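The shown structure was predicted, so the numbers you read here are calculated from the model rather than taken from an experiment. Every chain is numbered from 1 and lettered A, B, ... according to where its sequence line falls, protein lines coming before strand lines.
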Protein chains: 2
Amino acid sequence: MTLDPPWRPPAWELDPSQPLYEQIAHRIRVEIAAARLPKGTRLPSVRDLAASLRVTPNTVMRAYAELEQDGLLETFRGQGTFVAREPGVEARARARIARQAFEHVRRVAADLGMRVEDLLRLGAEEEGGDEDARSH
Amino acid sequence: MTLDPPWRPPAWELDPSQPLYEQIAHRIRVEIAAARLPKGTRLPSVRDLAASLRVTPNTVMRAYAELEQDGLLETFRGQGTFVAREPGVEARARARIARQAFEHVRRVAADLGMRVEDLLRLGAEEEGGDEDARSH
DNA sequence: CAAGTGTATCATGTGATTTAATACACTTAA
DNA sequence: TTAAGTGTATTAAATCACATGATACACTTG
């Protein structure tokens with residue numbers, strides 16, 4: 001075999017209380033968006049990544065499937081899973097993430113009746129503060 | 001009875017795939033942060049809100065408990081649940097939400113190796129666009 | 001053919017969430 | 001005192017998404 005040296009994922013910690021397959025998909029999405037995963041790059045096989053993450057192949061499958069659904073990946077039976085060659089994948093992935101982030105703060109700001117600008121300024125000021133301010 | 005006219009929640013839809021008690025807590029948190037729920041305001045009784053949301057009293061209890069834990073509410077047995085009188089509740093609630101929102105975009109930007117400023121600018125441009133841009 | 005790909009389908013287990021039904025402790029008005 | 005309305009606690013059960021584990025199939029390449 002040894003067609004292409006498959007991309008090797010960086011050390012991953014799967015902690016946060018989010019579905020495993022979502023975490024996996026998210027990490028890959030980010031790697032693509034950040035252009036650290038060039039188009040055409042071969043991903044680890046479902047079984048390999050599963051083993052490396054101490055997870056079931058089924059779970060990795062679900063992550064890959066979601067990303068293929070998004071058009072970020074393309075798979076070929078018997079060959080492997082690759083970052084989509086379609087032009088603009090990185091840009092699309094990046095734009096998508098950026099838009100979601102913006103809409104998030106947009107909604108929060110609207111809920112509070114604030115402008116996005118002011119909300120973020122306030123949030124930045126609170127950096128590292130608060131913790132458990134109220135002594136109760 | 002009829003001590004105080006308890007605060008009447010606006011029409012609520014409990015759709016998003018988040019725990020019910022989290023959704024309830026979030027809505028109240030926002031109302032407090034936005035100062036639409038002044039300190040000392042009496043909330044609907046656990047049973048009333050539960051009935052109005054077509055939910056179990058247990059679920060509302062959990063939401064109230066979480067907010068009391070955060071110091072946003074204070075409860076008195078036999079009397080009811082109220083917005084904490086402690087000075088600065090609204091500000092604290094608002095600051096907390098703002099900080100979380102900021103840290104969110106902060107992390108996303110870091111993941112992409114972008115500055116928060118640029119991330120949001122990009123996200124704002126994409127407003128309403130994309131949808132399902134890739135034709136696959 | 002053999003080894004390595006993706007894919008599909010089960011049955012099963014697990015854990016958080018939610019329901020439902022009670023029961024208890026307290027406060028207030030009648 | 002009584003009754004109605006508060007919050008609170010407990011228990012059993014149902015549900016559901018998630019993840020596992022095992023197995024089988026389809027395909028590509030050397």
| field | Residues in side chain to side chain contact (heavy atoms under 4.5 Å, CB included) contact with R77(B), at least two apart in sequence or another chain | value | none

| Roughly how many Å is it from OH in Y64(B) to C1' in dT6(D), rounded to a whole number? | 12 Å

| message | Between dG6(C) and R47(A), counting only base atoms on the nucleotide and side-chain atoms on the residue, is there a donor-acceptor pair under 3.5 Å? | response | yes

| Can we say E103(A) and R107(A) salt-bridge, meaning some charged N sits less than 4.0 Å from an Asp/Glu carboxylate O? | no

| Between R62(A) and E66(A), is there a side-chain N and carboxylate O pair less than 4.0 Å apart? | no

| said: Looking at S45(A), I'd like to know whether one of its side-chain N or O atoms comes within less than 4.0 Å of OP1 or OP2 on dG4(C). | reply: no

| query | What integer distance in Å separates L43(B):CG from dG5(D):P? | reply | 19 Å

| query | M61(A) CE to dT5(C) C1': how many Å, rounded? | reply | 12 Å

| message | At less than 4.0 Å, is any side-chain N or O atom of T75(A) found next to OP1 or OP2 of dT5(C)? Yes or no. | response | no

| message | Please confirm whether the shortest side-chain N or O distance from Q79(A) to OP1 or OP2 of dT29(D) is below 4.0 Å. | response | yes

| query | Do any N or O atoms from the side chain of S45(B) and from the backbone of D48(B) form a donor-acceptor pair under 3.5 angstrom? | reply | yes

| field | Whole angstrom value for the distance that separates C1' of dT8(D) from CG of L73(B) | value | 15 Å

| Interatomic distance where CD belongs to E68(A) and C1' belongs to dG6(C) [whole Å] | 10 Å

| Side chains of H26(A) and Q18(A) in contact at under 4.5 Å (non-hydrogen atoms) | no

| said: I need the CZ-P distance between F76(B) and dG7(D), as an integer number of Å. | reply: 12 Å

| query | Which letter, B, S or -, goes with each nucleotide of nucleotides 16-22 of chain D from 5' to 3', with contact meaning a protein heavy atom under 4.0 Å? | reply | --SSBBB

| said: Once you apply a heavy-atom cut-off of 4.0 Å, does T81(A) come out as touching a base, just sugar-phosphate, or nothing? | reply: sugar-phosphate

| task | Could you check how far CZ of R42(B) sits from C1' of dT28(C), rounded to whole Å? | result | 11 Å

| query | Starting at CZ of R77(A) and ending at P of dC27(D), how long is that distance when rounded to a whole Å? | reply | 6 Å

| Over all atoms of both residues, closest heavy-atom pair of L112(A) and V30(B) | CD2-O, 4.0 Å

| said: Please check this pair: side chain of R29(B) against backbone of L72(B), looking for a donor-acceptor N/O pair closer than 3.5 Å. | reply: no

